[in-house]
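Take a look at the structure set out below.
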Protein chains: 2
Amino acid sequence: MDRDASPVMMTLDAVIIAVSNDQPRVLVVERDGQPPALPSGALDTAHDATLELGMRRLIRDQTGLEVGYAEQLYTFGDRDRGAVDGNERHLSVAYLALVRETAPALEARWMDVYELLPWEDTRQDDGTARAAGLRTDLERWAGRDRARRERIALAFGPPWDGIRVLERYELLYGSGLVAEAGAEHLDAPGRPMAFDHRRITATALGRIRGKLTYRPVVFELLPETFRLLDLQHTVEALAGVKLHKQNFRRLVERSGLVEGTGERTAGTTGRPAELFRYRPSVQLERPRPGVGVPYRGARDVSDGRHGQ
Amino acid sequence: MDRDASPVMMTLDAVIIAVSNDQPRVLVVERDGQPPALPSGALDTAHDATLELGMRRLIRDQTGLEVGYAEQLYTFGDRDRGAVDGNERHLSVAYLALVRETAPALEARWMDVYELLPWEDTRQDDGTARAAGLRTDLERWAGRDRARRERIALAFGPPWDGIRVLERYELLYGSGLVAEAGAEHLDAPGRPMAFDHRRITATALGRIRGKLTYRPVVFELLPETFRLLDLQHTVEALAGVKLHKQNFRRLVERSGLVEGTGERTAGTTGRPAELFRYRPSVQLERPRPGVGVPYRGARDVSDGRHGQ
DNA sequence: GGGGATAATGCTCGGGGGGAGCATTAGTCA
DNA sequence: TGACTAATGCTCCCCCCGAGCATTATCCCC
């Protein structure tokens, strides 16, 4: 092996996501007064055959959780992150894992994702109310800088693109509006995390939102059987958007993603619902099975542009 | 900084893609009789502020190229890759870069992507002719193994999903049909590359194909002005699929991705065409601007399933 | 037993987008 | 002038999807 290589220090970070009570949650560890951090640790270079296996072992050790779905998220390696000592470079390879929420053991706990990134939840106040305030602050920061204004327009819309979570966070970071950036505002939006972990979480949320639309990943977060409304709420929680109930049903039923079990719920308020289960064989039938999330604000555009 | 970390060796690998003559090409370096390899090198931990900057510097040094668009692709870190000496772990952080093809300096040269992954080009012989042969071999390998047969069905369709490039390559690798896996068939499909570089290239092609549909990345590969047919051919080259000309025009024109320049081509065979240019402000108007590639085989499904 | 309240479910209307193909136009080249 | 090659215009038609209206099935409370 004659390739050049540099010695670096590496860490595995895990963004473990669950949805419960219509809220996406992320598993964090909190140590004595420190801001919450993602579960993370070293690769066991001698025993972990792959990065993913190392990550699974690490999650097991630290949280007692056995994760199902997992994918590599991103590798972070900016100079200003990690090690402060000397010029040793610190790399973090982050993974995204999806689980059904269970009580985590050890020192881990579940935390609302939208407590960290509140502007990403646009389900209530049917506008971008929360984001609107931020936007004003951002525009003050941008001043007349063209490039900055364009980045803001792209990240915050209209049209709002749910997928651009990272771009929005980085703008807030870059403009000093967020606590990690040294902002001392008491009203800095969202709770900070240790290191660059909030950025990693933002990356994860963006990834999930994207994947949702073309891979059946939601089902990793749901129990074996569920009502269509549960499915809808889970999607809404992740996408941060409200959906039209009847159309969602139609979409899901026609897509072949699920099949009815014949059983129905009982004892709940309202008419009892049928229980459904995921039908893995969709993947063999249609090219990119997923739950389409309409682009919020897409109509704003077409109204002005295509309506001519 | 009290986080655990492990010392590893890291390398940056670059998949630099261009399209010319309706063929996607990847930049490779060839040293005395060795199989072609991706440009790669060490991060300069003292000077490169970010991984991406390090990668740009490295490409400049090794190939004389100044790349525009670049994004992180994936981090490879299996134990069996890289360093053979001892149990030192070797990590590779791969980047994808898109450029307009120019004569590369130094020892680099452009190589057809489909020379490496021939089964990914389904533009001719309007079927999956080339892939069909492979599929037969794969099924022989799978035998009665359910999981294997399912992986094959998922990767090779129908319906064929252009995006699953990596899954297809890994099946071929896993089944020993490909030269890197030690296959000594003289007819092992596709030219091998050094190390795991063909796998990295496969990852890159899949990524591009996916991105194409929701981000205006094609334009990184085209000259300032171009005919709609050039645009179409570039998309077809990357997607490995033929498109319907009139519909493609309609799609592109309606999307607002391009604007006419008023100029027209001259001296070519056929009616002269108008020249177009990319209109970056689409990004401020529509949520996910890209050139939709229809799923090949999608109709096979809907015929059987929705046609009832 | 009746009147909400809450969901589930059925169904319809109307516009847009996209697949397929026919027809016409405008150059180049024998 | 006729053949050839592209560019461009336009049409048909079906499916998808956004938006609502309407009806049904339970639970809860009086």
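In what follows, every chain begins at residue 1, and chains take the letters A, B, ... in the order their sequences are listed. What you see below is based on every heavy atom in this structure, not just the backbone, and it leaves out hydrogens, waters and symmetry mates. What you see is a predicted model; the values in this text were computed from it and never measured.
In this structure, of D:dA6, C:dA26, C:dG18, it is C:dG18 that holds the atom nearest to the side chain of B:Arg254. Considering only the side chain of B:Glu274, D:dT8 comes nearest among C:dA20, D:dT8, C:dA7.
Applying the ring-ring contact (aromatic ring centres under 6.0 Å, His included) test to A:Tyr114 and every residue at least two apart in sequence or in another chain returns nothing. Under the ring-ring contact (aromatic ring centres under 6.0 Å, His included) criterion, B:Tyr169 pairs with no residue at all, not counting sequence neighbours.
Residue pairs meeting the salt bridge (Lys or Arg N to Asp or Glu O under 4.0 Å) criterion with at least one partner in residues 256-271 of chain A, sequence neighbours excluded, are A:Glu259-A:Arg277.
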Verdict with reasoning, A:Phe156 to A:Asp161, per side chain to side chain contact (heavy atoms under 4.5 Å, CB included):
CA-CA 7 Å; A:Phe156 285 84; A:Asp161 187 349; over 6 Å; no

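Rounded to a whole Å, the CG atom of B:Leu251 is 16 Å from the C1' atom of D:dT8. One can place NZ of B:Lys242 at 17 Å from P of C:dG19, the figure rounded to the nearest angstrom. Atom CG in A:Leu275 sits roughly 14 Å away from atom C1' in C:dA7 (whole-Å rounding). Following rounding to the nearest Å, A:His233 (NE2) and C:dA7 (P) show an atom-to-atom distance of 8 Å. The CD atom of B:Gln232 sits 14 Å away from the C1' atom of C:dG19 (whole-angstrom rounding). Computed from coordinates, the A:Arg264 CZ to D:dT24 C1' distance equals 11 Å when rounded to whole Å. When the C1' atom of D:dT26 is taken as reference, atom CZ of A:Arg227 falls 13 Å away, rounded to whole Å. Remark: C1' of D:dA7 and CG of B:Leu231 are 15 Å apart, rounded to the nearest angstrom.
Using a 4.0 Å heavy-atom distance criterion, A:Leu228 is classed as making no nucleic acid contact.
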Residues 217-227 of chain A, side-chain donor-acceptor partners within the protein, below 3.5 Å, at least two apart:
{"residue": "A:Arg227", "atom": "NE", "partner": "A:Asp230", "partner atom": "OD1", "Å": "3.4"}
{"residue": "A:Arg227", "atom": "NE", "partner": "A:Asp230", "partner atom": "OD2", "Å": "3.3"}
{"residue": "A:Arg227", "atom": "NH2", "partner": "A:Asp230", "partner atom": "OD1", "Å": "2.9"}

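One finds a side-chain N or O of A:Lys245 lying less than 4.0 angstrom from the OP1 or OP2 phosphate oxygen of C:dA8.
Judged by a 6.0 Å distance limit and a 45° cone about the ring axis, A:Arg135 is not positioned over the six-membered ring of A:Trp119.
Applying side-chain contact (heavy atoms from CB on, under 4.5 Å) to B:Val99 and the options B:Leu27, B:Leu65, B:Val19 leaves one that passes, B:Leu65. When each of A:Ile163, A:Leu116, A:Val113 is tested with A:Leu205 by the rule side-chain contact (heavy atoms from CB on, under 4.5 Å), just one qualifies, namely A:Val113.
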Between N or O atoms, less than 3.5 Å apart, protein on one side and nucleotides 27-30 of chain D on the other: list the pairs.
none

Where do N or O atoms of nucleotides 9-13 of chain D meet protein N or O atoms at under 3.5 Å, pair by pair?
{"residue": "D:dG9", "atom": "O6", "partner": "B:Gln246", "partner atom": "NE2", "Å": "3.3"}

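Judged by atom type and distance alone, B:His244 does not reach the base of C:dG18 through any side-chain donor-acceptor pair under 3.5 Å.
Panel note: side chain A:Arg207, backbone A:Leu96; no donor-acceptor pair is recorded below 3.5 Å.
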